[in-house]
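Model, not experiment: these values are computed from the prediction. Order of the sequence lines sets the chain letters (A, B, ...), proteins ahead of strands, with each chain counted from 1.
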There are 2 protein chains.
Amino acid sequence: MGKQMTEMLKGTLEGIVLAILSVQAAYGYEITARLREQGFTEIAEGTVYALLIRIEQKGFVDVEKVPSEKGPPRKVYSLNVQGREFLEEFWSTWSFLAERLEQLHKEGGN
Amino acid sequence: MGKQMTEMLKGTLEGIVLAILSVQAAYGYEITARLREQGFTEIAEGTVYALLIRIEQKGFVDVEKVPSEKGPPRKVYSLNVQGREFLEEFWSTWSFLAERLEQLHKEGGN
DNA sequence: GCCGCTATTCAGTGTTACTATGTAGTGGTA
DNA sequence: TACCACTACATAGTAACACTGAATAGCGGC
């Protein structure tokens with residue numbers, strides 16, 4: 001993956017995953033696949049699983065183990081109230097940053 | 001500073017500073033002040049200086065020492081060709097990320 | 001002589017995403 | 001039976017980056 005993207009994902013990937021979960025509960029393998037669909041083709045599985053453990057420890061998600069027909073049991077993550085609050089904060093932080101950067105892009109773009 | 005902002009700045013602060021330098025050459029103290037003006041009120045001076053050393057080592061900027069009337073000599077940084085190329089890459093990476101996030105924000109915002 | 005402002009530097013810390021690998025369950029197939 | 005492909009999760013070690021909390025240094029005014 002591009003080094004720039006790697007660094008830029010720090011702090012945003014968590015929000016991205018929470019945003020995905022805010023639409024619908026999902027398990028790790030599924031989330032990875034969904035990220036790939038959305039253009040994040042190079043995000044490693046290990047990265048996603050590590051992130052899921054983190055957001056579980058922070059108490060942003062509820063976890064349920066569900067048997068799979070095709071492999072080991074799935075750990076299905078669903079966003080809880082705390083997670084939704086955090087996601088809102090994330091969006092406001094993101095919006096602030098995005099506005100400043102858009103401004104800078106315009107200024108420099110002459 | 002909010003922890004979210006801290007993490008989100010990883011990878012973007014470098015681009016922000018390069019964007020500032022793309023408009024006009026500047027020195028560390030000045031850059032810090034300019035960031036504060038633009039709403040990044042809590043970015044530590046030490047952070048900016050460390051970043052400047054990094055981008056100098058990467059060869060994105062040229063440095064000139066200029067005496068000051070008000071204190072120790074200033075180290076004035078100006079963006080060079082390599083820096084401009086890197087900045088362009090930065091903008092394309094940023095745009096990609098911003099588009100995906102905007103999309104996600106819309107989807108989740110129902 | 002001391003304080004405030006300007007200006008830079010640096011050691012140590014925490015967080016995060018990546019690499020690389022390992023473990024495990026299921027079904028198909030030769 | 002043995003092997004492979006796909007599904008599904010876990011983890012140890014690494015690199016990069018922003019922050020904290022200092023220290024150093026030059027200048028002017030009181």
Side-chain angles (χ1 to χ4, degrees), chain A residues 1-18 25-36 40-58 60-61 63-77 86 90 93 97, chain B residues 1-18 25-36 40-58 60-61 63-77 86 90 93 97:
Chain A
M1 174 134 53
K3 220 201 278 178
Q4 267 193 66
M5 185 57 95
T6 292
E7 289 307 319
M8 227 181 267
L9 281 174
K10 290 186 183 176
T12 57
L13 185 55
E14 186 171 303
I16 291 169
V17 169
L18 292 177
Y27 54 97
Y29 193 83
E30 189 185 5
I31 292 167
T32 305
R34 207 160 289 177
L35 286 169
R36 300 239 160 102
F40 299 102
T41 51
E42 294 179 272
I43 290 179
E45 276 193 85
T47 300
V48 175
Y49 287 111
L51 192 156
L52 288 171
I53 288 169
R54 259 191 342 258
I55 63 176
E56 183 184 355
Q57 281 170 349
K58 289 182 187 171
F60 296 155
V61 286
V63 188
E64 198 191 350
K65 222 159 206 178
V66 177
S68 163
E69 322 87 37
K70 287 188 177 178
R74 298 166 174 167
K75 282 178 75 177
V76 175
Y77 294 84
F86 184 84
F90 169 80
T93 305
L97 198 58
Chain B
M1 173 134 52
K3 219 202 279 178
Q4 268 194 67
M5 184 58 92
T6 293
E7 290 308 320
M8 225 180 269
L9 281 174
K10 289 187 182 176
T12 57
L13 185 55
E14 186 171 303
I16 291 170
V17 169
L18 291 177
Y27 54 99
Y29 193 83
E30 188 184 5
I31 293 167
T32 306
R34 208 161 287 178
L35 285 169
R36 300 239 159 102
F40 299 102
T41 52
E42 293 178 275
I43 290 179
E45 279 193 84
T47 300
V48 175
Y49 286 111
L51 193 156
L52 289 172
I53 288 169
R54 250 178 5 245
I55 61 176
E56 183 185 353
Q57 281 170 350
K58 289 182 185 170
F60 296 155
V61 287
V63 189
E64 197 191 352
K65 224 161 204 174
V66 177
S68 161
E69 323 88 36
K70 288 187 179 180
R74 299 164 173 167
K75 282 178 76 178
V76 175
Y77 294 83
F86 183 85
F90 169 81
T93 305
L97 196 59

By nearest atom, which of the nucleotides C/dC18, C/dT15, D/dT7 is closest to the B/K10 side chain?
C/dT15
Expressed in angstrom and rounded to an integer, what is the separation of A/Y27 atom OH from D/dC9 atom P?
7 Å
Grab the CD-P distance between A/Q4 and D/dC17 for me, whole Å please.
10 Å
Between D/dT20, D/dA8, C/dC18, which nucleotide gets closest to the side-chain atoms of A/Y49?
D/dA8
Do the non-hydrogen side-chain atoms of A/I55 and A/F86 ever get within less than 4.5 Å of each other?
no
Would you check if the side chain of B/Q4 reaches a backbone N or O of A/F90 as a donor-acceptor pair within less than 3.5 Å?
yes
Could you please name the option among C/dT15, C/dT19, D/dA8 that lies closest to any side-chain atom of A/A44?
C/dT19
Minimum-distance nucleotide (side-chain atoms of B/S68 versus C/dT6, D/dA8, D/dC17)
C/dT6
Interatomic distance where CD belongs to B/E45 and C1' belongs to C/dC5 [whole Å]
11 Å
Using a cut-off of 4.0 Å on non-hydrogen atoms, how would the nucleic acid contact of A/L13 be classed: base, sugar-phosphate, or nothing?
sugar-phosphate
Where the side chain of A/P72 is concerned, which of D/dC19, C/dA24, C/dC10 is the nearest nucleotide?
C/dA24
OP1 or OP2 of C/dA7 under 4.0 Å from side-chain N/O of B/K65:
no
Among C/dC18, C/dA24, C/dT16, the nucleotide that comes nearest once only the side chain of A/K58 is considered
C/dT16
Candidate nucleotides D/dC19, C/dT8, C/dC18, ranked by approach to the side chain of B/Y29 - the nearest
C/dT8
Out of D/dA18, C/dA17, D/dT11, minimum distance to the side chain of A/T6 belongs to C/dA17
Please figure out whether A/G11 or B/K70 has its closest DNA chain C nucleotide nearer the 5' end.
B/K70
B/M8 CE to D/dA16 P: how many Å, rounded?
23 Å
Length of the CD1-C1' vector between A/I53 and C/dA17, whole Å
14 Å
Are there over 12 heavy-atom neighbours, none belonging to B/K70, within less than 6.0 Å of that residue's NZ?
no
Specify the separation, in whole Å, of atom CZ of A/R36 and atom C1' of D/dT7.
13 Å
Counting the atoms with a prime plus P, OP1 and OP2 as sugar-phosphate, which does B/E69 contact under 4.0 Å by heavy atoms, base, sugar-phosphate, or nothing?
sugar-phosphate
Any B/I31 side-chain heavy atom under 4.5 Å of B/L51 side chain
no
Given that A/G46 and A/T12 both sit by DNA chain C, which one's nearest nucleotide is further toward the 5' end?
A/T12
Could you say whether B/E14 or A/Y77 is positioned toward the 5' end of DNA chain D, judged by the nucleotide with the nearest heavy atom to each?
A/Y77
Salt-bridge test for A/K3 and A/E7: reply yes if a basic N is under 4.0 Å from a carboxylate O, no otherwise.
no
Distance check: side-chain N/O of A/R54 vs OP1/OP2 of C/dA17, anything under 4.0 Å?
yes
In whole Å, I'd like the distance from the CD atom of A/E30 to the C1' atom of D/dT7.
12 Å
Side chain A/R36, main chain A/I43, donor-acceptor under 3.5 Å:
yes
Find the distance B/I31:CD1 to C/dT8:P and express it as a whole number of Å.
9 Å
